[in-house]
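Excluded from the calculations below are hydrogen atoms, water molecules and symmetry mates; all remaining heavy atoms, backbone and side chain alike, are included.
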Amino acid sequence: MKQLNKELEQLIETALAGAIARGDLPEFEIPSVPVSPPKRAGQGDLSYPGMSLAKLARKNPLEIANLVAATLPRADFIDKIEVAPPGFINCFLSESYLKQQVDRIIEEGEDFFQLDIGAGQKAQVEFVSANPSGPITIGHTRNAVVGDAMARLLEAAGYEVQREYYYNNAGNQMIVLGKSLLLRYLQQLGEDLDFPEDYYQGAYLVEIAAELAAEHGDALKESGWERFKDIAEARMFQWINRSLAAIDIGHDRFYNETSLFESERIWAVLEELRDNGHIYQSAHWEGAGAEEIADVAAKGYQPATWFRSTAFGDEKDRVMVKSDGAPTYTLPDIAYHCDKLERGFDIAVNVLGTDHFSQAQVVKYGIRALNMDPGPIHVIFIQMVRAVRWNEELGKYQAVKQSKRAGDFDTLDELVQMTSADAVRYHMLARSPNSQLDFDVDRVVKQSNENPVYYIQNAYVRCAGIFREAKERGFNDDGVDLSLLGEAELKFIRKALELGNVIEQAVTHYEPHKIAFFAGELAAVFHPIYDQVRVLHSEVPSDVAKARLRFYRAAGVVFYRLLRLMGMSAPERM
RNA sequence: GCUCCAGUAGCUCAGUGGAUAGAGCAUUGGUUUCCUAAACCAAGUGUCGCAGGUUCGAGUCCUGCCUGGAGCGCCA
């Protein structure tokens, strides 16, 4: 399917080049000017602001617009071109072209607006990346939904996409997890033991411990925490994957940070940084103030290994290897991204919470210090998400307490249980990632017309309903004459043809939420049409009914495509 | 203190430097003999945080300020 705004832009550029060649316009470099649908009726379907050229062409914008309109090459999708002050070039789409697109949409099916922007290119999306120390929380969920939608959109743009999950099972967290499970297990065996406050308090460890006790009795009693760490880790991953699968999310590859230690890759990276002159040994960083130095002295720090990230714009240098010889999190993170780049991804999207902002910056500095181009790496930062409820007494929203009490929830599982996988996905996606998200629990739970999830799905359901009914009545759209379609149906087709541009915008700006808003807008165009444009109705002549049936077939294809792009289901019935 | 993000209708939020700033919810009234009501139709709501600047044109870009959030460890 063609992206008409791009086609038109090219035609206009051709016309401009012609005008320059003929000497009607002075020599100038034609800029890329976005062609977009105007907001108001009567201004056509696509609009090009000719004013952008006035200064370059040193000519009145209205004159330029008229010149372009008069010499624009012919195209099958254009009905007419109008010029409007102060210099807009407005394009009206041809009705017959739009009607033909109904069959084109059906032909393309699930590949409707499958673009070739990324053809032959590899993209990676790294997302979730939660360490296996507990369940998927509401914050991870937003990360997961945004990351997966980004991956789907990249696929729609033609990229070959890999979904990756980066995790660390070697840190102190995991040791504590293992020890926590060991304690819970011993408690299950009846031992009266204190459970330290800084251990994992979650009830899930008690459950696992109970299962272990039931399955193995006291056979594991003599095992060390290492054994319990392994068990806990395996169980956590099972749980995480099951939770994600419940909202139709999965990863192609799990990348263990530990492998970077085993391969000694981190030390190779450190040596390369050192060779490039970006590493030094010191008890404090080179730019430390007197106060900082005194503080370090008071703590008695021995010299550590520093990366001079300030040379790349950082506000302070960062420790790579602590004075005790252990690397910080940053060094393997740099090595990991180095590895990513070497794997040859043209785009490497990284979905992170804003609490990783500084970390992500340092990684980019590290990449540059290795004389590599961090260009392919793009980070989508996800702002905080919290579950809220409307408090009638206070007249404002309040955060749902993150306690384990019944009715409160802070995990994906509980969220899905309270609402639905589709509702979770839609609401987590339908926000700009860099705005804080208040997840209104009651509203999402409500399965009513105030919930846009069902508004969109219902559009697909309605299409499916027509076909069920038509089949029962033995009616079909064979031998259809699409010229019988009316203005209402064309309005939908016009809107649907914007999908390609939406996908492109979402991909090039790394803003997957755009697809969610588009889906809502398209449903808002659809429902009034469905209300008026009936198919199986006594007053509708058979040939018109055939055309309309074909139209709803196309509409169903479009909604199916949209729902899948958002990772949502396309139910046949509500 | 420094860095980043946000501030748009009563609420939750969209908004590619372009034309008269939008949607949903909430509020009020209306709509179904025949696929449809989780829907449709109609009605009102704005100091786009404040002040400057750039531009033919600014909610959008720049500067400063105000408010809210996140980050600023030899944590991961």
### Message
Distance check, P atoms only: rG15(B) and rA9(B), in whole angstrom units.
### Response
15 Å

### Task
Return no unless some side-chain N or O of K322(A) is found under 4.0 Å from OP1 or OP2 of rA76(B).
yes

### Task
Spell out yes or no: do the side chain of S323(A) and the base of rC74(B) have one donor N/O and one acceptor N/O closer than 3.5 Å?
yes

### Message
Evaluate E9(A) against K6(A) for salt bridge (Lys or Arg N to Asp or Glu O under 4.0 Å), listing each step before the verdict.
### Response
CA-CA 5 Å; E9(A) 189 183 336; K6(A) 295 190 126 189; over 6 Å; no

### Message
For Y167(A) and F237(A), take the angle between the two ring planes, folded into 0 to 90°, and tell me which bin it lands in: parallel under 30, tilted 30 to 60, perpendicular over 60.
### Response
perpendicular

### Task
Would you mind listing every salt bridge (Lys or Arg N to Asp or Glu O under 4.0 Å) that reaches into residues 278-297 of chain A, with sequence neighbours excluded?
E286(A)-R308(A), E292(A)-K316(A), D295(A)-K299(A)

### Message
Between rU54(B) and rG73(B), how far apart are the two P atoms, rounded to whole Å?
### Response
40 Å

### Query
Heavy atoms under 4.0 Å, any strand shown: does Y301(A) hit a base, just sugar-phosphate, or nothing?
base

### Query
Under the salt bridge (Lys or Arg N to Asp or Glu O under 4.0 Å) criterion, do E504(A) and K514(A) qualify, and how do the steps go?
CA-CA 10 Å; E504(A) 180 176 355; K514(A) 286 180 185 294; over 6 Å; no

### Query
Checking only heavy atoms, does the side chain of H537(A) share a donor-acceptor pair with the base of rC34(B) at less than 3.5 Å?
yes

### Summary
5'-most contact on RNA chain B (nearest-nucleotide basis), D324(A) vs R473(A), goes to R473(A)

### Query
Base, sugar-phosphate, or nothing for A54(A), non-hydrogen atoms under 4.0 angstrom?
nothing

### Separation of the C1' atoms in rC25(B) and rA38(B), to the nearest angstrom
15 Å

## Note on the structure
The nucleotide from rC40(B), rA38(B), rG22(B) with an atom nearest the side chain of R40(A) is rG22(B)

### Query
For rC2(B), does either OP1 or OP2 sit under 4.0 Å from a side-chain N or O belonging to K316(A)?
no

### Message
Using atom C1' in both nucleotides, what's the gap between rG29(B) and rC34(B) to the nearest angstrom?
### Response
28 Å

#### Entry: Sole residue of R550(A), K546(A), R548(A) in side-chain hydrogen bond (donor to acceptor under 3.5 Å, both in side chains) with D477(A)
R550(A)

### Query
Looking only at atom P, what distance separates rG30(B) and rU67(B), rounded to whole Å?
48 Å

### Task
Would you classify N90(A) as touching base, sugar-phosphate or nothing, given that sugar-phosphate means primed atoms plus P, OP1 and OP2, and contacts are heavy atoms under 4.0 Å?
base

### Query
At under 4.0 Å, does any side-chain N or O of N434(A) touch on OP1 or OP2 of rA6(B)?
yes

### Task
Only one of F526(A), F518(A), Y455(A) passes ring-ring contact (aromatic ring centres under 6.0 Å, His included) with F559(A); say which it is.
F526(A)

Contact list (N/O, under 3.5 angstrom) for nucleotides 14-18 of chain B vs protein:
unit_1, atom_1, unit_2, atom_2, d
rA14(B), OP1, S432(A), N, 2.6
rA14(B), OP1, S435(A), OG, 3.2
rG15(B), OP1, H513(A), NE2, 3.0
rU16(B), O2, Q505(A), NE2, 3.3
rU16(B), O4, N501(A), ND2, 2.6
rG18(B), O6, S52(A), N, 3.4
rG18(B), O6, S52(A), OG, 3.3

### Query
Can you tell me how far P in rG64(B) sits from the matching atom in rA19(B), rounded to whole Å?
28 Å

### Test: R468(A) and E472(A) ion pair at under 4.0 Å
no

### Summary
When G465(A) and P38(A) are each assigned the nearest nucleotide of RNA chain B, the 5'-most assignment goes to P38(A)

### Task
Taking only the side-chain heavy atoms of H527(A) (C-beta and beyond), determine which of rC2(B), rC40(B), rA19(B) contains the nearest atom.
rC40(B)

### Message
Here's a test for you: under ring-ring contact (aromatic ring centres under 6.0 Å, His included), which of Y255(A), Y165(A), F261(A) qualifies with Y336(A)?
### Response
Y255(A)

#### Entry: Value in whole Å for how far the C1' atom of rA23(B) lies from CG of N451(A)
15 Å

### Task
Write down the distance separating the C1' atoms in rA58(B) and rG52(B), rounded off to the nearest Å.
14 Å

### Query
In whole Å, what separates the C1' atom of rC66(B) from that of rA14(B)?
25 Å

### Task
Name the closest nucleotide to the E539(A) side chain, picking from rC34(B), rG68(B), rA19(B).
rC34(B)

### Query
How close or far is atom C1' of rG73(B) from atom OH of Y329(A), stated in whole angstroms?
16 Å

